[in-house]
Amino acid sequence: MRHFTTAVLERHASLSGHFETEPFETGWASEAIFFIRAEEITGENPLLHARVQLSADGIHWIDEGTAFEAITARGDYFVRVTHFGGWLRLAGQVNGGEENRFEATIHLVLKE
Amino acid sequence: MKSQLAQAWDGTNRFQPLPYVLARDCFDRGTCGWLELMPNFTKEGFKARDSIIDKTRWGPTMLSSASFGYMGTHGSMSGLYSLKLATRPVANRYEEPPAPGSMAHAIKRLSVFRPKGLVQMEMWYAYTPEQDRIGVGEKDIRAFGAAFDVQDESYRYFVGARFLNSVNGELKRQWQILKASDDVTDEQWAYGRQGEWNKHGVDPMWYGRRYPDGRTDGYQFVSGGQQRLCYNESDDKINWIYLRLTIDTAQREYVELQSGSTVFDLRGIQPTLVQPYARIDGLLNPVVWVETDANRRVFLFVDSIVISCQ
């Protein structure tokens with residue numbers, strides 16, 4: 001049997017400005033999918049940008065190179081990642097001021 | 001029989017199980033059914049009901065290699081992976097309700113399979129803050145604990161212990177057991193909020209008013225419960241520590257708490273008995289948790305857990 005886990009990194013989180021998900025240890029897994037469910041969107045033409053980051057220690061983070069296309073509407077989105085070492089997170093930004101918000105649920109799905 | 005069962009684990013004698021082993025969880029094999037505790041997502045939009053405690057942001061649980069920036073990979077006591085509970089880097093002052101994300105809480109959902117009697121949880125664990133700054137961060141870990149959430153035909157009750165390590169940056173290093181103060185209303189239990197779901201005595205990990213000297217409405221100090229655990233000299237050196245909690249579900253009493261080689265006799269102390277909740281008859285949920293005392297992530301690494309009964 002293959003090892004598998006679904007981690008829910010954010011549940012109905014209200015995202016605005018810059019954000020990062022909590023560090024998650026992934027050393028046991030060889031493949032990952034980040035899901036973003038954009039549940040509610042408020043503000044004027046808000047855009048949500050999110051990119052994958054990896055880390056040697058869970059403290060210092062580097063862009064992995066994989067990124068979501070800009071999210072502008074409610075719906076479900078994902079990106080796939082492989083060969084990432086011991087840690088993964090998403091870093092992102094909602095454009096505009098505090099009034100631009102995405103309510104989002106974020107999953108990290110890992111498999112070995 | 002005890003010895004045979006203990007040695008069947010991995011050739012060591014580091015557990016002292018009761019005759020019937022209900023769970024023997026080594027986290028090299030996966031998460032073994034332990035996941036973060038969450039509220040009931042039963043409202044419109046799969047939201048949880050409003051509460052003074054936002055449990056939806058409790059920190060994640062994960063399989064950890066216990067790796068550090070300048071130490072490398074610690075691994076676990078049994079192998080490579082432990083179950084890690086990680087808070088978010090946020091804390092209120094001790095006497096306030098716990099901040100969203102300031103705790104991480106793992107649960108394994110079980111039910112009874114033996115007649116009432118002795119039930120026991122043993123674990124090997126380590127604790128440390130995130131090594132995101134220099135110095136020794138021991139005082140940034142507020143507390144960690146282990147307990148059972150039990151419901152029989154007459155009562156629901158929480159029976160367990162926490163190590164109160166630090167209060168607003170002052171080291172306390174003292175064991176407490178879960179036992180609510182008698183003269184507390186449901187509303188006071190929920191920090192004064194009306195209409196909260198939980199009853200007085202339920203979920204003392206985060207309910208029950210807290211006082212600056214470390215007391216709370218949800219815990220009682222263990223007599224002689226001061227203890228200096230092996231924290232080590234820097235935040236990236238973790239030592240595996242033994243904990244055993246034995247309870248008696250026939251008497252609805254505490255029996256013993258063992259931390260390292262120290263045994264605290266708790267026989268005769270009764271947890272707070274609450275009217276049963278709906279649909280959880282026969283519940284026997286072991287739980288473990290950790291809470292940060294500073295705006296800093298803190299971690300509880302659990303190498304292995306054995307749940308056993310008479």
Side-chain angles (χ1 to χ4, degrees), chain A residues 1-15 18-32 34-35 37-42 54-62 74-76 84-91 101-112, chain B residues 27-39 41 43-48 54-76 79-90 100-101 104 128-133 235-236 296-297 299 301:
Chain A
M1 301 292 283
R2 301 182 71 179
H3 283 271
F4 175 83
T5 209
T6 299
V8 190
L9 302 180
E10 294 290 352
R11 300 168 175 89
H12 309 305
S14 182
L15 305 176
H18 290 274
F19 67 89
E20 297 90 25
T21 60
E22 286 298 290
F24 203 89
E25 292 207 33
T26 56
W28 58 270
S30 58
E31 57 185 72
F34 278 102
F35 289 90
R37 174 173 300 142
E39 297 164 328
E40 298 289 342
I41 302 173
T42 54
L54 46 70
S55 174
D57 56 11
I59 297 168
H60 303 88
W61 296 90
I62 311 162
R74 292 200 296 182
D76 290 275
F84 38 73
W87 303 83
L88 282 174
R89 75 173 185 182
L90 283 184
R101 288 188 170 271
F102 280 74
E103 183 182 291
T105 293
I106 301 176
H107 294 92
L108 172 58
V109 174
L110 298 164
K111 191 184 288 185
E112 175 52 36
Chain B
F27 296 104
D28 280 317
R29 293 187 289 115
T31 47
C32 300
W34 290 87
L35 76 169
E36 55 260 45
L37 181 95
M38 283 290 129
F41 294 104
K43 297 297 183 185
E44 184 68 27
F46 296 95
K47 302 283 181 66
D54 181 1
K55 297 189 284 289
T56 70
R57 290 177 64 79
W58 284 164
T61 58
M62 65 192 87
L63 295 177
S64 172
S65 62
S67 296
F68 298 87
Y70 299 95
M71 197 60 71
T73 294
H74 244 289
S76 65
L80 185 53
Y81 295 108
S82 54
L83 182 76
K84 184 171 86 171
L85 285 68
T87 72
R88 296 181 189 233
V90 57
T128 191
E130 185 174 62
Q131 197 187 32
D132 60 347
R133 62 199 75 173
D235 299 330
D236 53 1
R296 183 177 192 183
R297 293 182 184 90
F299 307 138
F301 300 92

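No experiment lies behind these values; they were computed from the predicted model shown. Every chain is numbered from 1 and lettered A, B, ... according to where its sequence line falls, protein lines coming before strand lines. All heavy atoms count here, side chains included; hydrogens, waters and symmetry mates do not.
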Quiz prompt | Interatomic distance, B:Leu35 atom CG to A:Thr6 atom OG1 [nearest 0.5 angstrom] | solution =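 That separation rounds to 11.0 Å.
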Exercise. First locate atom CE of B:Met71, then atom CG of A:Asp57, and finally report the distance between them rounded to the nearest 0.5 Å.
Key: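 Answer for the CE-CG pair, B:Met71 versus A:Asp57, is 13.0 Å.
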Practice problem: Give, as side chain, backbone, both or neither, the part of A:Leu9 having an atom under 4.5 angstrom from any heavy atom of chain B. | Solution: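 Just its backbone gets close to chain B.
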Self-check item: Per-residue contact mode, A:Glu112 against chain B (heavy atom under 4.5 angstrom)
Solution: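 Neither part, no heavy atoms under 4.5 Å.
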Self-check item: Proximal to chain B - members of residues 19-27 of chain A, heavy-atom separation under 4.5 Å
Solution: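 Listed by number: A:Glu22, A:Pro23, A:Phe24, A:Glu25, A:Gly27.
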Self-check item: Proximity breakdown for B:Thr61 and chain A, heavy-atom pairs closer than 4.5 Å
Solution: backbone
Quiz item: Going by an N to O cut-off under 4.0 Å, is there a salt bridge joining B:Lys47 and A:Glu39?
Solution: no
Exercise. Using a cut-off of under 4.5 Å on heavy-atom pairs, state which of B:Glu36, B:Arg57, B:Met62 scores highest against chain A.
Key: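 Heavy-atom pair counts peak at B:Met62.
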Practice problem: Between chain A and each of B:Pro60, B:Ser64, B:Ser67, count heavy-atom pairs under 4.5 Å; write down the option with the most. | Solution: B:Ser64
Practice problem: Please report the closest heavy-atom contact between B:Phe46 and A:His12, naming both atoms and the distance. | Solution: O-NE2, 2.7 Å
Exercise. Looking only at non-hydrogen atoms, find the nearest pair between A:Trp28 and B:Tyr81 and report the distance.
Key: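 Shortest heavy-atom separation between A:Trp28 and B:Tyr81 comes out as CA-OH, 3.2 Å.
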Quiz item: When A:Ile59 is tested against each of B:Arg133, B:Glu130, B:Arg297 for side-chain contact (heavy atoms from CB on, under 4.5 Å), which residue passes?
Solution: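 Exactly one option meets the side-chain contact (heavy atoms from CB on, under 4.5 Å) with A:Ile59, and it is B:Glu130.
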